[in-house]
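For clarity, every value in this text was computed on a predicted model and none was experimentally measured.
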Amino acid sequence: MLPQKQAEEVIVTNLNETEHEVGSTRGEEREQDQSMFSLKSILWHGGSVWDAWFSCASNQVAQVLLTLPYSFSQLGMLSGILFQVFYGIIGSWTAYLISVLYVEYRTRKEKENVSFKNHVIQWFEVLDGLLGPYWKAVGLAFNCTFLLFGSVIQLIACASNIYYINDKLDKRTWTYIFGACCATTVFIPSFHNYRIWSFLGLGMTTYTAWYLAIAAIAHGQVENVTHSAPAKLVLYFTGATNILYTFGGHAVTVEIMHAMWKPQKFKYIYLLATLYVFTLTIPSAVAVYWAFGDKLLNRSNAFSLLPKSRFRDAAVILMLIHQFITFGFACTPLYFVWEKVIGMHDTKSICLRALARLPVVIPIWFLAIIFPFFGPINSAVGSLLVSFTVYIIPALAHMLTYRKASARQNAAEKPPFFMPSWTAMYVLNAFIVGWVFIVGFGLGGWASMTNFIRQIDTFGLFAKCYQCPPPAPKVAAAPPPHTHH
């Protein structure tokens, strides 16, 4: 126990000594604590355990909330619930692994007197420090590609949602408009500054989730409703990978931890966030699927089946705002990477950094216009990118980092209280790698790409208005009555 206690003391000491790297000295933080009710502190300057919890919960479920009933129509009620619980628990575990590896990396570097002032640590840098440049390259490729398409999905969702309030413009035009709006996230320096946004975002998602559940129950089941899922393997594994994507929102775990004043307290925050998210995702998906059944197979956005009302309009508007926030969550790590590439990461001017970040938004905008397939794109990204980024790579990285007895002996974090040994951790990590590779990447990749290609064949690339109802046919005027004389 003594080596573990000493290691923990080293972590606390080292992390406390460098808390100023987010732009403030410890003295300034004490001043902040004394004036915590100042407007800047309340709205802008976050870094507490609660801030991290709100960030994790808010970021974990956004537009995907609207596609989960669609996934239930592919999986069936029982499988839908079980996959949510299963991937929620596995996602929480791999988020825990990422947090452990972050603390290990930071502790080792700070023993070497490396300073992180004005530098945000990212996941690929953790992999580089612990496992070498090849792992850095793999982590960087998967993480950046996933976050790129995660941002694309938020833009697609914005256009899909606003269409149900105002259908005078097609979804592609709305994508242009919201691309410009979301570009303003370049002015938010880091996750340290998402305090009020995370709080509001979670409130908005909570309203939308319970609106879906209550509105579906109030609406009742449609006439001759059928619940035939699971009917086809392609649809079954497509739905499963969308749920894998849902609980794979911890690609920004390292950045959220780095924004904390005491990152070593992050350990179980993601699990607690996931438990709250279950109260949003399960009731809403169950209620909407119960009400509409197989009609959801051709309606990937749950809003499209609920009757228009002021409550639905409020939910749409709140989800739009939340998708703007989630776009920022997904894009901010990409901004950091780009800043480091062009040598602007240490720049203190917000305006200069914002200008430097703008090129990141352009490819996101373009891809959202090419692939406007709201729903199917979630499953494709889930199987091909999320499976590796936040499930397989963290589990493998943890196994390799602690493969030697000396590494386990000097580990900054020992196995958690519910894990009897390092061997048990290795077995669990090996199971996650095998399951996600075979079911998530293999079967899920086959199913989701088959479905994705089907969408391209049906609607084409650059679809102007994906899954929009056809315009009502114009009724021809009746000919004047023929008079007989």
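- In plain terms, the two heavy atoms of L244 and V386 that are nearest each other are CD2-CG1, 3.8 Å.
- In this structure, CZ in F327 is found 12.0 Å from CD1 in I153, a value given to the nearest 0.5 Å.
- Atom OH of Y245 and atom CZ of F149 lie 11.5 Å apart (nearest 0.5 Å).
- Contact of the M257 side chain with the I269 side chain is not registered, since no non-hydrogen atoms from C-beta on lie closer than 4.5 Å.
- L235 is listed as a side-chain neighbour of L297, based on a closest heavy-atom distance under 4.5 Å.
- The side-chain hydrogen bond (donor to acceptor under 3.5 Å, both in side chains) search around Y335 returns T185, not counting sequence neighbours.
- Looking at every heavy atom in both residues, V186 comes nearest to R357 through O-NH1, 3.0 Å.
- Here the side chains of I162 and L320 are in contact, with some heavy-atom distance below 4.5 Å.
- Nearest heavy atoms, T326 versus S58: OG1-O, 4.4 Å.
- Residue pairs meeting the side chain to side chain donor-acceptor pair (under 3.5 Å) criterion with at least one member in residues 137-153: none, sequence neighbours excluded.
- Residues that satisfy the side-chain hydrogen bond (donor to acceptor under 3.5 Å, both in side chains) test with S304, not counting sequence neighbours, are absent from this structure.
- The minimum heavy-atom distance linking A213 with S284 is given by the pair CB-CA, 4.0 Å.
- In this structure K265 satisfies the salt bridge (charged side-chain N to carboxylate O under 4.0 Å, His left out) test with no other residue, sequence neighbours excluded.
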Between F292 and R299, does a side-chain contact (heavy atoms from CB on, under 4.5 Å) hold up when you go through it step by step? CA-CA 10 Å; F292 297 101; R299 288 287 183 271; over 6 Å; no

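- Qualifying side-chain hydrogen bond (donor to acceptor under 3.5 Å, both in side chains) partners for R353, counting only residues two or more places apart in sequence or in other chains: E339.
- By the 4.5 Å heavy-atom criterion applied to side chains, F142 and L385 are counted as neighbours.
- Considering every non-hydrogen atom in both A315 and T208, the closest pair reads O-OG1, 3.6 Å.
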Practice problem: Would you sort out whether S55 and S198 count as a side chain to side chain donor-acceptor pair (under 3.5 Å), showing the intermediate values? | Solution: CA-CA 5 Å; S55 292; S198 298; 3.1 Å; yes

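- Counting only residues at least two apart or in different chains, side chain to side chain donor-acceptor pair (under 3.5 Å) contacts with residues 74-86 comprise Y70-Q74, S79-Y236, Q84-T281.
- Within the 4.5 Å cutoff, the side chain of H258 has heavy atoms near those of the Y102 side chain.
- Here I98 contributes atom CD1 and F266 contributes atom CZ; the two are 8.5 Å apart, rounded to the nearest 0.5 Å.
- Put simply, the side chain of T67 never gets that close to the backbone of S300: no donor and acceptor are under 3.5 Å apart.
- With a 4.5 Å cut-off on side-chain heavy atoms, Y96 and L271 do not count as touching.
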Indicate every side-chain donor-acceptor pair of residues 175-184 with a distance under 3.5 Å to a residue at least two apart or in another chain.
{"residue": "T175", "atom": "OG1", "partner": "K171", "partner atom": "O", "Å": "2.9"}
{"residue": "T184", "atom": "OG1", "partner": "C181", "partner atom": "O", "Å": "2.6"}

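- The distance from atom OG1 of T205 to atom CE of M319, rounded to the nearest 0.5 Å, is 5.5 Å.
- F54 pairs in a ring pair (Phe, Tyr, Trp, His ring centres under 6.0 Å) with only one of the listed residues (W197, F199, Y276), which is F199.
- In this structure, T94 contributes its side chain and I90 its backbone to a donor-acceptor pair below 3.5 Å.
- Surrounding CH2 of W446 are more than 12 heavy atoms belonging to other residues, nucleotides or ligands, all under 6.0 Å away.
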Which atom pairs, donor and acceptor, lie under 3.5 Å between side-chain atoms of residues 216-230 and protein residues at least two apart or in another chain?
{"residue": "Q221", "atom": "NE2", "partner": "W290", "partner atom": "O", "Å": "2.9"}
{"residue": "T226", "atom": "OG1", "partner": "D294", "partner atom": "OD2", "Å": "2.9"}
{"residue": "H227", "atom": "NE2", "partner": "Y289", "partner atom": "O", "Å": "2.9"}
{"residue": "H227", "atom": "NE2", "partner": "W290", "partner atom": "O", "Å": "3.2"}
{"residue": "S228", "atom": "OG", "partner": "D294", "partner atom": "OD1", "Å": "3.3"}
{"residue": "S228", "atom": "OG", "partner": "D294", "partner atom": "OD2", "Å": "2.6"}

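- Residues forming a side chain to side chain contact (heavy atoms under 4.5 Å, CB included) with T246 (at least two apart in sequence, or on another chain): V64, L68.
- Annotation: the span from S71 atom OG to N242 atom CG amounts to 3.5 Å, rounded to 0.5 Å.
- Residues forming a ring-ring contact (aromatic ring centres under 6.0 Å, His included) with F311 (at least two apart in sequence, or on another chain): none.
- For the residue pair M260 and A52, the shortest heavy atom distance occurs at SD-CB, 3.7 Å.
- Relative ring orientation between Y87 and F83 is described as parallel, the plane-to-plane angle staying below 30° on a 0-90° scale split at 30° and 60°.
- Residues meeting the side chain to side chain contact (heavy atoms under 4.5 Å, CB included) test with V286, sequence neighbours left out: F72, M77, I81, I282.
- Note: F278 and F247 meet the aromatic proximity criterion, with ring centroids under 6.0 Å apart.
- Considering only heavy atoms from C-beta on, L384 comes within 4.5 Å of M449 through its side chain.
- With 3.5 Å as the limit, one finds no donor-acceptor pair spanning the side chains of T241 and S448.
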request  = Go through the steps to decide whether L140 and V337 satisfy the test side-chain contact (heavy atoms from CB on, under 4.5 Å), and finish with yes or no.
outcome  = CA-CA 9 Å; L140 184 62; V337 172; 4.1 Å; yes

TODO: Take T332 and V252 through the test side-chain contact (heavy atoms from CB on, under 4.5 Å) and record every step on the way to the result.
DONE: CA-CA 9 Å; T332 298; V252 295; over 6 Å; no

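- For K136, the NZ atom counts as loosely surrounded, since its 6.0 Å shell holds 12 or fewer non-hydrogen atoms of other residues, nucleotides or ligands.
- Taking the six-membered ring where the residue is Trp, F437 and F388 present perpendicular rings, their angle passing 60° and hence far from 30°.
- K308 is linked by a side-chain hydrogen bond (donor to acceptor under 3.5 Å, both in side chains) to D313, counting only residues two or more places apart in sequence or in another chain.
- To the nearest 0.5 angstrom, N59 atom CG is 7.5 Å from H322 atom NE2.
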Derivation of the side-chain contact (heavy atoms from CB on, under 4.5 Å) call for L280 and W210:
CA-CA 7 Å; L280 307 181; W210 286 106; 3.9 Å; yes

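- Using a 4.5 Å cut-off on side-chain heavy atoms (C-beta onward), W123 and P394 make contact.
- At least one donor-acceptor pair closer than 3.5 Å links the side chain of Q122 to the backbone N or O of P333.
- At least one donor-acceptor pair under 3.5 Å links the side chain of T238 to the backbone N or O of A447.
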